[in-house]
Structures are given as structure tokens and as C-alpha cells.
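Everything below concerns the one structure shown next.
Order of appearance sets the numbers: ligands from 1, and atoms from 1 within every ligand. Heads up: numbering here begins at 1 and tracks the sequence.
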Amino acid sequence: MADILLRIDGEVKHPLDLTFSDLASMPAADQVPDVSRFHPQRHGDGVTLEALLARAEPTPAATYLTLHATADDFHASVPLAEVRGEGIVVYRLAGGALPVKNGGPIRFLIRNPAACQTDELDDCANVKFVDRIEFTAGKGRDNRPHDEAQHAKLHGA
Ligand SMILES: Nc1nc2c(c(=O)[nH]1)N[C@H]1C(S)=C(S)[C@@H](COP(=O)(O)O)O[C@H]1N2
Ligand SMILES: [Mo]
């Protein structure tokens, strides 16, 4: 069986386990080709968060989207109402898997993020290596940097 790259669970009617081909076979209307069009330093193709939401069907209790990267234990939790029209799940580069150096195999992107630490929907919430998107009732796990020292440490690592 193909590798499951992304699990969508928590406050949803239909938890999803998604492979590369699940994402690649989503309809053209759900695809977001070439994210460098709006994030010049970032690359790859994605699908809209909205399309994944339509499949998973969050319950009325879901108010936050919590993005988990097990690989480096990084987590961000953002308000669902604000992120739902802004989120893109990037999964492909040049027809193949999104490389780790690009935040792959799955990278979350916000179309118009605020500068780091200025808003819940900030650049820091563009989580790389995402393996789980959890819908939560209230804010979930979040270990984004709180100050410049933490932020610099993260970027220097
Ligand atoms: N998994 C993971 N995702 C992460 C981070 C991290 O340390 N680990 N850093 C975040 C922060 S603080 C920022 S500002 C952006 C930087 O993204 P870039 O490397 O594409 O510029 O990624 C975010 N995503
Ligand atoms: Mo950041």
C-alpha cells in the first residue's frame, strides 16, 4: 500500500488518511499549482485546505486547526474560521514528492500570512513536514516561537 503522508482527524465526521496519489487525483478545481506565484521563495503544488475540509467535514465543535510535524516536534494551532480560505497543503514538486528541503513530504502554507509573531495566522504557522492536521475544540498544541531569541534559534538550527 502507498505511504500515508497525512492524517486528518479530531473533530471531523470522516477522518482521512491521504497518500500522494489521493492528493494528486483531486479535481483540478481543488489544486493550487505553483505556490511560488504568491510565495516567491517557496515551491511546489498543493490542494486547498477547503477541499480537504469538504471531505473530512469538521463537526460544529471544531474551532481550531492544529498542524502537527512529528519529524521535528513543531506544532501550530490556528483559528479555523480564519484559516479555512487561506490554507494550502503542498505535496508535489516537478511531478514528484515534495522534498524535505522544501518542507516535504507535506507542507502547510497560508496564502497571506502575517509577519512572525504578529498574529495567530503568521508565517511561523506555515508548518513544514506536516503529518497530521487535527481539528480541535479550542486551541490545540502550539509551540511556535514566542520571542526573537527562540525564533532565531529555530531558524539557525
Ligand atoms: N516543522 C516545522 N515547520 C516550521 C518551522 C519549524 O521549525 N519546523 N518554522 C516555522 C517558522 S518560525 C517560519 S517563519 C517558517 C519559515 O519558512 P521558510 O523556511 O519556508 O522560510 O516555517 C515555519 N514552519
Ligand atoms: Mo517564524
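- The shortest side-chain heavy-atom distance between Arg92 and Leu98 does not fall under the 4.5 Å cut-off.
- Scanning the protein heavy atoms around atom 21 (O) of ligand 1, the nearest turns out to be Arg42 NH2, 3.1 Å.
- Among protein heavy atoms, atom 12 (S) of ligand 1 sits closest to His151 NE2, 3.3 Å.
- Taking 4.0 Å as the cut-off, His39 does not count as a neighbour of ligand 1 on heavy-atom distance.
- Residue Asp72 touches ligand 1 through its side chain alone, judged by heavy-atom distances below 4.0 Å.
- By the 4.0 Å N-to-carboxylate-O rule, Arg144 lies close enough to Asp122 to be salt-bridged with it.
- At a heavy-atom cutoff of 4.0 Å, ligand 1 is contacted by no atom of His43, backbone or side chain.
- The Leu154 neighbourhood of ligand 1 comprises atoms 7 (O), 9 (N), 12 (S), with distances under 4.0 Å to a heavy atom of that residue.
- Counting only heavy atoms of the protein, atom 19 (O) of ligand 1 lies nearest to Lys128 NZ, 2.7 Å.
- With sequence neighbours excluded, no residue forms a side chain to side chain contact (heavy atoms under 4.5 Å, CB included) with Pro60.
- Atom 10 (C) of ligand 1 has its closest protein heavy atom at Cys124 O, 3.5 Å.
- For ligand 1 and His155, the ligand atoms under 4.0 Å from any heavy atom of the residue are 12 (S), 13 (C), 14 (S), 16 (C).
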